[in-house]
Amino acid sequence: MSIGISGLTKRFGRTDVLRGIDLGIKKGELVALLGPSGSGKTTLLKIIAGLEWPDAGRLEVDGVDWLQLAAQERRIGFVFQHYALFPHMTVRDNLAFGLTVRPRAERPGKAVIAAKVDELLHFLQIAHLADRYPAQLSGGQRQRVALGRALAIEPKVLLLDEPFGALDAAIRRDLRRWLRGVHDSTGSTTIFVTHDQEEAFELADRVVVMGEGRIEQIGHADAIHDHPATPFVARFMGATVELPVTLQAGRIEAPGLDLSALPRRPLPDGPADLFVRPADILPVPDDASPWRIDSRMSNGANLRLVLSHASGALAEADVPRRAVQADALVAGTAARLRVAAGTVFPATRGAPPAQKTEPKSLKLESVR
Ligand SMILES: Nc1ncnc2c1ncn2[C@@H]1O[C@H](COP(=O)(O)OP(=O)(O)OP(=O)(O)O)[C@@H](O)[C@H]1O
Ligand SMILES: [Mg+2]
């Protein structure tokens, strides 16, 4: 099923939760919605499922206006963010549930339901768990059952809201691969919500980055990583160091920064902001630089250095602890910042200042 969403808005009280969502999803595609808490991901899924209604906009599935259909007419498989299996039912009965509650005219016979459940148990590799109750399953096994319950009705569209939320990283990785396999063999159109960048990029055909009720960027992993479309996406993708620079004939310049590794940009001359990941900054001792190392902290693999500029600006750098230069990078040292990669946006003058996160290491005692 292809999904077409246009101009979708939703407001709760005085809060604009969705501010004009335009999104097309192809049949059989697996799309990840990625964004911070409160950006409207669950609300968008609920509107597609028919559990919430937009204030304006269109939602069409294979050309049919879904806003005219009730939730039960849409045939959606939904694994909720805080899903719960029915605790008093076995795995087998949990899987059968969606079919047994169909209106009488559409309800398959008992034998058909049993066969369908058997098929799912094998497909999901949980046949050995069929007669257990949810309390007797591990977290990962419960997630599989929850997904099986959503798949049982042969959904036209599968909506997954942080289905692996509560699990540890290793199990998430296994389930991710497994889910991709399930998606590919059912051919369903799937929308998957996550906070986790790695999960979104590994799993999805395309990633939709949402921020405050808007779509900030739609694309493939590499493009979003290397070419964030907005300062919001740059920050969200970990480019948390914002350095004021000047653009001059496409060259990026600023005292104390070594930007020779960055390509020219087709942007107008004038002030600009450079967004950089801490791992893409290498401080190099230089007495003439206005940057100075304030603190140094090790997490074992990396040194996290906090630097301040004579003007009061702050920057963080992550340097491999075993790097050749690491020993020289101690608090009090003046250093220029060699930047390996970054994204430039024209300075947004007059706009409210970007919300900066306090460098974590500042709260720790400096190592001197
Ligand atoms: N029923 C509701 N009534 C009032 N406000 C709501 C309601 N549902 C959601 N909101 C608000 O809408 C905004 C978006 O919520 P939503 O649940 O869609 O975010 P989300 O992106 O799924 O966040 P999370 O990652 O934390 O799950 C939030 O500010 C939330 O408080
Ligand atoms: Mg949510």
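One-based numbering, in listed order, for ligands and for the atoms of each.
For atom 15 (O) of ligand 1, the closest non-hydrogen atom of the protein is T43 OG1, 3.8 Å. Residue, atom and distance of the protein heavy atom nearest to atom 27 (O) of ligand 1 are Q81 NE2, 2.8 Å. Protein heavy atom closest to atom 25 (O) of ligand 1, with residue, atom name and distance, is K41 NZ, 2.7 Å. Nearest protein heavy-atom neighbour of atom 23 (O) of ligand 1: G38 N, 2.8 Å. Among protein heavy atoms, the minimum distance from atom 26 (O) of ligand 1 is reached at S37 OG, 2.5 Å. Of the protein's non-hydrogen atoms, F12 CE2, 3.6 Å is the one closest to atom 1 (N) of ligand 1.
Using modelled atom types, one finds a donor on one side chain and an acceptor on the other under 3.5 Å when comparing T42 with D161. When only modelled atom types and interatomic distance are considered, D22 and S6 share no side-chain donor-acceptor pair under 3.5 Å. With 3.5 Å as the limit, one finds no donor-acceptor pair spanning the side chains of T194 and E162. Of the N and O atoms on the side chains of T246 and E253, not one donor lies less than 3.5 Å from an acceptor on the other residue. D62 and S2 are linked by a side-chain donor-acceptor pair at a separation below 3.5 angstrom, with hydrogens and angles left out of the test.
Atoms of ligand 1 lying under 4.0 Å from any heavy atom of H195, numbered from 1 in the order shown and given with element: 25 (O). Counting atoms of ligand 1 from 1 in the listed order, those under 4.0 Å from a heavy atom of T42 are 17 (O), 18 (O), 20 (P), 22 (O), 27 (O). Of all the atoms in ligand 1, the ones that sit under 4.0 Å from a non-hydrogen atom of V17 are 12 (O), 13 (C), 14 (C).
Scanning all heavy atoms of the two residues, the minimum distance from L203 to R180 falls at O-NH1, 2.9 Å.
The Mg ion (ligand 2) does not have T43 among its coordinating residues (no N/O/S atom, backbone or side chain, under 2.8 Å).
Assignment of G35 to the shell around ligand 1 is not supported, since no heavy atom sits closer than 4.0 Å.
Inside a 4.0 Å radius of atom 31 (O) of ligand 1 there is not any protein heavy atom. Less than 4.0 angstrom separates atom 9 (C) of ligand 1 from at least one non-hydrogen atom of the protein.
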| field | Pair R74-L59, side-chain contact (heavy atoms from CB on, under 4.5 Å): steps then yes or no | value | CA-CA 12 Å; R74 297 187 191 186; L59 166 65; 3.8 Å; yes
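Taking the ring axis of F86 as reference, the NZ or CZ atom of R149 stays within 45° of it and closer than 6.0 Å to the ring centre.
Residues L243 and D273 are not in side-chain contact: their nearest non-hydrogen atoms beyond the backbone lie 4.5 Å or more apart.
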